[in-house]
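Notes for the one structure printed next.
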Amino acid sequence: MSKTSYLSNRINNLSESATLKMTQLGRELAAKGVNVISLSVGEPDFNTPDNVKEAAKIALDENFTRYSPVSGYPELRKAIVDKLKRENGLDYEPSQIVVSTGAKQSLSNIILTLINPGDEVIIPTPYWVSYSEMVTLAEGKSVFINTDLSTNFKITPEQLEAAITPRTKLFMFSSPCNPTGSVYSKEELEGLAKVFEKYPDIFILSDEIYEHINFVDQHESIAQFASIKDQVIIINGFSKAYAMTGWRLGYIAANKEIAAANDKLQGQTTSGTCSISQRAGIVAYQDGLESVTKMKEAFLRRRQLVYDLLNDIPGIKTNLPEGAFYFFPEISSFFGKKDQNGNTITNSSDLALYLLNVGHIATVGGDSFGNDNYIRLSYAASDENLKEALRRMKEALAKLS
Ligand code: PMP
Ligand code: GLU
């Protein structure tokens, strides 16, 4: 029996998460005593705000330690409804909210809730690594709309319409985008919404987890267009806005039927998420945006720092991302070059591994995001680490011949 033959096809066909894999490789190298700078995983380098931590301590003392309702405590769902109204101008009822163990689980839940084998899911590239793998898990088919630096990685309504077939069930995207940082304006979203108006059986998975890390404008949600609101499933969470990646807290806002189906799925798989995280989430939303605003200021400064340093590296092309905390520079000019052991760099993963092993900086190859000509750098790191990382990157790339 081959080593993996007893595993399901489902799992054998699944790729490992490249973001988590590169982060783990970086950790392993660091454990051997190497000074590795991680620009691989996308997580704020800030601590969770004190008021939120305090709420978790109180939750423990008050014995919020038992199973919660599958879709989340009513107070949390109400706090999310209030937030959607206050910050996004959107009307939802608590029955339309399902809280989960993170935006990642919510995305996966929705795909499992909507996709039958063979259904098509339109995904603009570059996309966040897990999107297409989640579709594969559900036996759906990803249909990609390719974009690149020349259009600031955004699609047009014409491209969207051309990708639609009778099998299209879902469209999924993030704005601000991981990995490109691109942000769709209200007008651009309206253009896409007009296409979806014509296809009421197509749903839109709108991943808005980076909504507050937007340097160009206020956040715009595609759910604001009343004619398609019921087709939209908003995905959001606390990981990025409140530096709560480890707490595992996310949610959907959707029409009631989808929310109820999501509750049913979660009830058979994970149940309600951590009670303590939920109590902390209530306070995060009730107390507002002070900590997010501070983080955003730091990200804005670092964005400029990294932009200038990247532009100083021969062979690299980049845009100035409008949001999130990633750069997605083009690096294909290094393909075909050789490292110091005579190995040829043939793709973005080779380059990411080279940068890790020689430059001791962890990045992620663009191939896992659907475009091999790029690599992703997270700038959720200290200014000193960013300066040193970009210095190492320049030096390591110059050694390729
Ligand atoms: N969507 C995007 C675009 C992300 O970058 C991430 C990574 N944090 C997630 C969803 C998942 O976030 P969470 O920590 O809430 O699962
Ligand atoms: N979303 C982050 C990233 O893109 C966290 C890692 C992950 O969940 O994949 O790096």
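When a ligand or atom number is given, it counts from 1 through the structure's own listing order. Start at 1 with the first residue, then count along the sequence.
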Proximal atoms of ligand 2 relative to Gly42 (non-hydrogen, under 4.0 Å): 2 (C), 3 (C), 5 (C), 10 (O)

Subset of ligand 2 atoms that lie under 4.0 Å from at least one heavy atom of Asn178: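 Listed by number with element: 1 (N), 3 (C), 4 (O).
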
Cationic tip of Lys229 above Tyr92 ring, under 6.0 Å, 45° of axis: yes

Nearest-0.5 Å distance that lies between atom OG in Ser38 and atom CD1 in Ile361: 10.0 Å

Spatial distance of atom CG (Asn88) from atom NE2 (His219) [nearest 0.5 Å]: 5.5 Å

Between [X] and ligand 2, which residue portion shows a heavy-atom distance shorter than 4.0 Å: side chain, backbone, both, or neither?
X      : value
Thr245 : neither
Leu20  : side chain
Met22  : neither
Thr19  : side chain
Lys21  : neither
Lys104 : side chain
Tyr326 : side chain

Parallel, tilted or perpendicular: rings of Tyr307 and Phe327 (30°, 60°): parallel

Within-cut-off N or O pair, Ser130 and ligand 2, under 3.5 Å: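 Among all N and O atoms of Ser130, none is under 3.5 Å from an N or O of ligand 2.
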
Taking the six-membered ring for Trp, are the ring centroids of [X] and [Y] within less than 6.0 Å of each other?
X      : Y      : value
Tyr379 : Tyr326 : no
Phe238 : Tyr285 : yes
Tyr73  : Phe64  : yes
Tyr210 : Phe325 : yes

Flag if over 12 foreign heavy atoms under 6.0 Å of NZ, Lys78: no

More than 12 heavy atoms of other groups within 6.0 Å of Lys154 NZ: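 Correct, the count exceeds 12.
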
Phe173 and its ring pair (Phe, Tyr, Trp, His ring centres under 6.0 Å) partner, picked from Tyr127, Tyr131, Tyr184: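 The option that passes is Tyr184.
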
Protein heavy-atom partner closest to atom 1 (N) of ligand 2 - residue, atom, separation in Å: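 That would be Lys240 NZ, 3.4 Å.
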
Between ligand 1 and the protein, tabulate every N or O atom pair separated by less than 3.5 Å, reporting distance only.
from: ligand 1; atom 1: 1 (N); to: Asp207; atom 2: OD2; distance (Å): 2.6
from: ligand 1; atom 1: 5 (O); to: Asn178; atom 2: ND2; distance (Å): 2.6
from: ligand 1; atom 1: 5 (O); to: Tyr210; atom 2: OH; distance (Å): 2.6
from: ligand 1; atom 1: 8 (N); to: Lys240; atom 2: NZ; distance (Å): 2.4
from: ligand 1; atom 1: 14 (O); to: Ser239; atom 2: OG; distance (Å): 2.6
from: ligand 1; atom 1: 14 (O); to: Arg248; atom 2: NH1; distance (Å): 2.9
from: ligand 1; atom 1: 15 (O); to: Ala103; atom 2: N; distance (Å): 2.7
from: ligand 1; atom 1: 15 (O); to: Ser239; atom 2: OG; distance (Å): 3.3
from: ligand 1; atom 1: 16 (O); to: Ala103; atom 2: N; distance (Å): 3.2
from: ligand 1; atom 1: 16 (O); to: Lys104; atom 2: N; distance (Å): 3.0
from: ligand 1; atom 1: 16 (O); to: Arg248; atom 2: NH2; distance (Å): 2.7

